[in-house]
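Presented below is the structure to which this report refers.
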Amino acid sequence: MPQPGRHTSEAASFTAEIARKAIHLSSLSIAVIYCHIERELAIILLIPIFAGFFLVDLAKNVIPPISEWYHRTFSAMLREHELQKERLHFNGATYITLSALLLVLFFPKIIAITAFSLVAVSDTVAALAGKKFGRHRIWNKSIEGSAAFLVSALLIVFLVPRLNPAAGIVMAITATVIEAIPWRIGWFRIDDNLTIPIASAIVGYVVYLVLFPSAIAELTACP
């Protein structure tokens, strides 16, 4: 027999997920902007943005009044582990701006844009598909969500200009696997907003270094 309370809760949870992921998807603007500006300017812009999120995050972990304000204001948008006050943790905005900064600092532009697009778009698609259609669990994710991630990731890598298809496919598969696995150091949870783009960028760059070294120069600018 249907349980109205359960369905209402699930609907509210899915609505909250849509709101979270709409904000998450908006981070794609970082990749779009980076495509049209120089690396040096991107670094100048990203450092204070990351520092701002990081300092607020750090303050909410150690200063009770800020913690109370933070959880009171943003509780509806936070995940379960982000609501815990007894352990140090950082939210998705801090991780995603950190990943953007690291990508710009250490990888060619096309690799960086591709890796960041994977976490901005494919992670959003996977979360919504998993929340709505996920029935078969793998770790703390669903097979349906991971399938949605892979399909959207493959579309992304084939749409990115100048990216070698072989490197793109490896990046898409790596990102899919990394997204499905929970990463922790002891009790500290490492957010997939960091692991997805960095891992996929590393493997993509390694593919170029090993198989297409002469094409690396083509990755430094958008067409």
Side-chain angles (χ1 to χ4, degrees), residues 21 23-59 61 79 81-82 88-124 126-127 149 153 156-157 160-164 167-168 170-186 188-210 213 216-222:
K21 289 306 177 181
I23 296 173
H24 183 74
L25 185 61
S26 69
S27 67
L28 182 62
S29 60
I30 295 175
V32 174
I33 293 171
Y34 182 38
C35 188
H36 296 90
I37 64 176
E38 296 298 321
R39 174 177 177 271
E40 291 73 17
L41 177 57
I43 293 171
I44 291 172
L45 294 173
L46 285 169
I47 287 175
I49 293 173
F50 162 67
F53 282 116
F54 175 74
L55 291 174
V56 170
D57 241 358
L58 190 61
N61 280 288
R79 296 187 181 278
H81 72 274
E82 294 174 333
L88 176 69
H89 59 82
F90 298 100
N91 68 31
T94 298
Y95 280 109
I96 205 161
T97 52
L98 173 59
S99 69
L101 180 58
L102 293 175
L103 288 170
V104 172
L105 283 171
F106 298 111
F107 298 96
K109 178 173 279 193
I110 297 301
I111 293 287
I113 287 172
T114 303
F116 196 84
S117 298
L118 292 176
V119 72
V121 177
S122 297
D123 190 47
T124 297
F149 188 108
I156 288 169
V157 299
V160 174
R162 295 186 179 175
L163 182 69
N164 183 281
V170 173
M171 291 179 71
I173 294 172
T174 298
T176 302
V177 173
I178 293 295
E179 189 271 342
I181 300 173
W183 297 92
R184 297 179 182 273
I185 300 176
F188 188 81
R189 180 182 182 275
I190 305 175
D191 198 278
D192 59 12
N193 288 322
L194 183 62
T195 57
I196 290 170
I198 299 304
S200 59
I202 289 173
V203 298
Y205 195 32
V206 168
V207 169
Y208 268 93
L209 289 173
V210 175
I216 292 177
E218 300 174 4
L219 302 174
T220 57
C222 289

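Side chain of Ser200 to main chain of Ala175: no donor-acceptor pair is present (N/O by atom type, distance under 3.5 Å, no hydrogens or angles).
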Please assess Tyr34 against Ile113 for the test side chain to side chain contact (heavy atoms under 4.5 Å, CB included), listing each intermediate value before the final yes or no.
CA-CA 8 Å; Tyr34 182 38; Ile113 287 172; 3.8 Å; yes
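Across Leu219 and Arg162, no two heavy atoms sit closer than the pair CD2-O, 3.8 Å. Residues Tyr95 and Asp191 come closest through the heavy atom pair CD1-CB, 3.1 Å. Nearest heavy-atom pair, Ser117 versus Ala31, reported as atom, atom and distance to 0.1 Å: OG-CB, 4.0 Å. Here the shortest heavy-atom pairing between Ser27 and Phe116 reads O-CE2, 3.0 Å. Taking both residues in full, the closest heavy atoms of Ile198 and Ser99 are given as CD1-O, 4.2 Å, listed atom of the first, atom of the second, then distance. In plain terms, the two heavy atoms of Phe149 and Asp123 that are nearest each other are CE1-N, 3.5 Å.
Contact annotation: the side chain of His36 never approaches that of Cys222 to less than 4.5 Å [non-hydrogen atoms, C-beta and beyond]. With a 4.5 Å cut-off on side-chain heavy atoms, Pro197 and Leu118 do not count as touching. Leu102 is listed as a side-chain neighbour of Leu194, based on a closest heavy-atom distance under 4.5 Å. Contact check for Val207 versus Asn164: no side-chain heavy atoms found under the 4.5 Å cut-off. Between Asp192 and Ile178 the shortest side-chain heavy-atom distance does not fall below 4.5 Å.
Atom CD1 of Ile111 sits about 11.5 Å away from atom CD1 of Ile202, to the nearest 0.5 Å. Atom CD1 of residue Ile96 and atom CG of residue Leu103 lie 10.0 Å apart, to the nearest 0.5 angstrom. One finds the CD1 atom of Ile49 at 12.0 Å from the CD1 atom of Ile44 (value rounded to the nearest 0.5 Å). One finds the SG atom of Cys35 at 14.0 Å from the CD1 atom of Ile30 (value rounded to the nearest 0.5 Å). Summarising the geometry, atom CD belonging to Glu179 is positioned 8.5 Å from atom OG1 belonging to Thr195; distances are rounded to the nearest 0.5 Å. In this structure, Ile196 CD1 and Ile181 CD1 are separated by 11.0 Å, a value rounded to the nearest 0.5 Å.
Under the side-chain contact (heavy atoms from CB on, under 4.5 Å) test applied with Leu45, the options Val104, Ile37, Leu101 reduce to a single match, Ile37.
Counting non-hydrogen atoms of other residues, nucleotides and ligands closer than 6.0 Å to CZ of Phe53 gives a total of 12 or fewer.
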